[in-house]
Amino acid sequence: MLAAVITAFGGPSVFGLAELDPPIAGPGAEIVDVTLAGVNYADVHHRRGEYARPPLPGVLGADVVGRRRADGRRVAALLRTGGGYAQVAAAPAGHVVEIPDEVSDEQALAVLEQGLTAWHSLHTVGRVTGDDVVVVTAAAGGVGHLAVQLARAAGARVIGCASSEAKRAFLAGLGAHATVDSNHPDLGAALDETPTLVLDGVGGRTFEQLHAALAPFGRTVAYGRVGDVRDTVAVDDLMTSSTGVHGFWLQRVLDDEELYRSSASRLFRLSGLGMLTARIGGRYPLSGVGQAHADLEDRITAGKLVIDVNRLG
Ligand SMILES: NC(=O)c1ccc[n+]([C@@H]2O[C@H](COP(=O)([O-])OP(=O)(O)OC[C@H]3O[C@@H](n4cnc5c(N)ncnc54)[C@H](OP(=O)(O)O)[C@@H]3O)[C@@H](O)[C@H]2O)c1
């Protein structure tokens, strides 16, 4: 099989196409003949060697759709140890879900990893209600643009942060009530309304400024970081502001197979009903994984980036 392989940690140019032996299904694993692989910001961290470093040469990529080898069914799968940027993947059987007929491969891929993150950050952790004013950071991104739609569907007022006019117009089209330039030097001051819930996938000054802007009893859900930021929270400040900071990591959903399956089904149902629509922000050949990473890091993408693993150039 062909795969996009990294042989060193570094910039987007570390990817190269290589012919590899296909993975073997060990105990509890299933083989998927991959059609599309997803790109996630976490892959950028992995590629740079900023997260737990995979052995080299290595294949990154955390989400795929394709056909389950055992029965030919159309499935989506999450791969916690990578292996997605390849024509064949071995996935934990518990993390392989069948895709309903009414959901396309692209939509299934886009609403699984990033949709689960948006859903659980917003609902399970954030406990969103129709009374909330929700700020979504990186709102045009893979997670963010789904969170905007889900927050709207929950009846909340939604403010989306994004770095370009085009992205902000996209957010307005999704139903965001207001938008803010994510490069504004003082994000709190740029808001016309006081937020009660911040969904933050960026960290650093974005996290600090938006958390500081919360109404009393408001909360921030921190689900991601871009760049090399390490945020700390002073408990005294939480007490005096009467605000909370909650974390979210998708692994905790994957640890609970029933929760994972039920929430994946819910997202597929919303997708099938047209109530949650992922934007496919870029479709790249297998040889274009490096370009997809470069585009993501350059902040020029909106929505979900997908790799057509059977297209080579
Ligand atoms: N907790 C979990 O289990 C989990 C699961 C999935 C994803 N995540 C996290 O969710 C976040 C979003 O992931 P994603 O895959 O959907 O990515 P994404 O949002 O599509 O892309 C990242 C976005 O971050 C914004 N950004 C702000 N500062 C940036 C900077 N210095 N460099 C690059 N981008 C910057 C950009 O939007 P603007 O240019 O519009 O500002 C960019 O489009 C990431 O932090 C990711 O690690 C967490």
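Just follow the structure's listing: the first ligand is 1, and inside any ligand the first atom is 1.
Here the heavy atom of the protein found nearest to atom 45 (O) of ligand 1 is Gly201 O, 2.8 Å. Scanning the protein heavy atoms around atom 12 (C) of ligand 1, the nearest turns out to be Val143 CG2, 4.1 Å. The protein non-hydrogen atom at the shortest distance from atom 41 (O) of ligand 1 is Ser182 OG, 2.7 Å. Nearest to atom 17 (O) of ligand 1 among the protein's heavy atoms is Tyr41 CB, 3.6 Å. Here the heavy atom of the protein found nearest to atom 19 (O) of ligand 1 is Gly141 CA, 3.3 Å. Remark: minimum distance from atom 39 (O) of ligand 1 to any protein heavy atom is reached at Ser163 OG, 2.5 Å. The shortest contact between atom 1 (N) of ligand 1 and any protein heavy atom is with Tyr223 O, 2.7 Å. Summary of contacts: the protein heavy atom closest to atom 20 (O) of ligand 1 is Gly142 N, 2.9 Å.
Under a 4.0 Å criterion applied to the non-hydrogen atoms of Gly224, ligand 1 contributes the atoms 9 (C), 45 (O). Listed by atom number, the atoms of ligand 1 under 4.0 Å from Glu113 heavy atoms are 5 (C), 6 (C). Proximity to Val226 (heavy-atom distance under 4.0 Å) selects the following atoms of ligand 1: 26 (N), 27 (C), 28 (N), 29 (C), 30 (C), 35 (C), 45 (O). Here is the list of ligand 1 atoms found below 4.0 Å of a heavy atom in Trp249: 1 (N), 3 (O). Below 4.0 Å from some heavy atom of Leu296 lie the following atoms of ligand 1, by number and element: 20 (O), 21 (O). Under a 4.0 Å criterion applied to the non-hydrogen atoms of Gln114, ligand 1 contributes the atoms 14 (P), 15 (O), 16 (O). Those atoms of ligand 1 with a heavy atom of Ala162 less than 4.0 angstrom away are 40 (O). Within ligand 1, counting atoms from 1 as listed, the ones closer than 4.0 Å to a heavy atom of Ala138 are 19 (O), 23 (C), 24 (O), 25 (C).
At a heavy-atom cutoff of 4.0 Å, ligand 1 is contacted by the backbone of Glu297 but not by its side chain. At a 4.0 Å heavy-atom cut-off, ligand 1 touches Thr117 through the side chain alone. When non-hydrogen atoms are compared, ligand 1 lies under 4.0 Å from the backbone of Arg225 (N, CA, C, O) but not from its side chain.
Under 4.0 Å is where a charged nitrogen must lie from a carboxylate oxygen, and between Asp181 and Arg168 at least one such pair does. Salt bridge annotation for Asp200-Arg225: present, with a cationic side-chain nitrogen under 4.0 angstrom from a carboxylate oxygen. Under 4.0 Å is where a charged nitrogen must lie from a carboxylate oxygen, and between Arg48 and Asp43 no such pair does. By the 4.0 Å N-to-carboxylate-O rule, Glu208 lies too far from Arg205 to be salt-bridged with it. Between Lys304 and Glu113 there is no salt bridge, since none of the side-chain N atoms of the basic residue sits less than 4.0 Å from a carboxylate O of the acidic one. Classification of Asp33 and Arg67 as a salt-bridged pair fails, no side-chain N sitting under 4.0 Å from a carboxylate O. Under the 4.0 Å criterion applied to side-chain N and carboxylate O atoms, Glu98 and Arg74 are not assigned as salt-bridge partners.
Remark: Arg311 fails to qualify as a cation-pi partner of Tyr284 under the 6.0 Å distance and 45° angle criteria applied to the six-membered ring. In this structure, Arg47 fails the cation-pi test against Phe9, since its NZ or CZ atom is not both closer than 6.0 Å to the six-membered ring centre and inside 45 degrees of the ring normal.
An N or O contact shorter than 3.5 Å links Leu250 to ligand 1 by distance. Polar contact with ligand 1: absent for Val39 (N/O pair, distance under 3.5 Å). Ligand 1 has an N or O atom lying under 3.5 Å from an N or O atom of Lys167, backbone or side chain.
Counting heavy atoms from C-beta outward, Leu199 and Leu122 have side chains that approach closer than 4.5 Å. The shortest side-chain heavy-atom distance between Val158 and Leu174 does not fall under the 4.5 Å cut-off.
Other residues, nucleotides and ligands contribute only 12 or fewer heavy atoms inside 6.0 Å of the CD atom of Glu258. Atom CD1 of Ile24 has 12 or fewer heavy atoms from other residues, nucleotides or ligands within 6.0 Å.
Taking all heavy atoms of Arg252, Lys304, Arg299 into account, the minimum distance to atom 34 (N) of ligand 1 is reached by Arg299.
Here the closest non-hydrogen pair linking Ser163 and Asn183 is CB-ND2, 3.7 Å.
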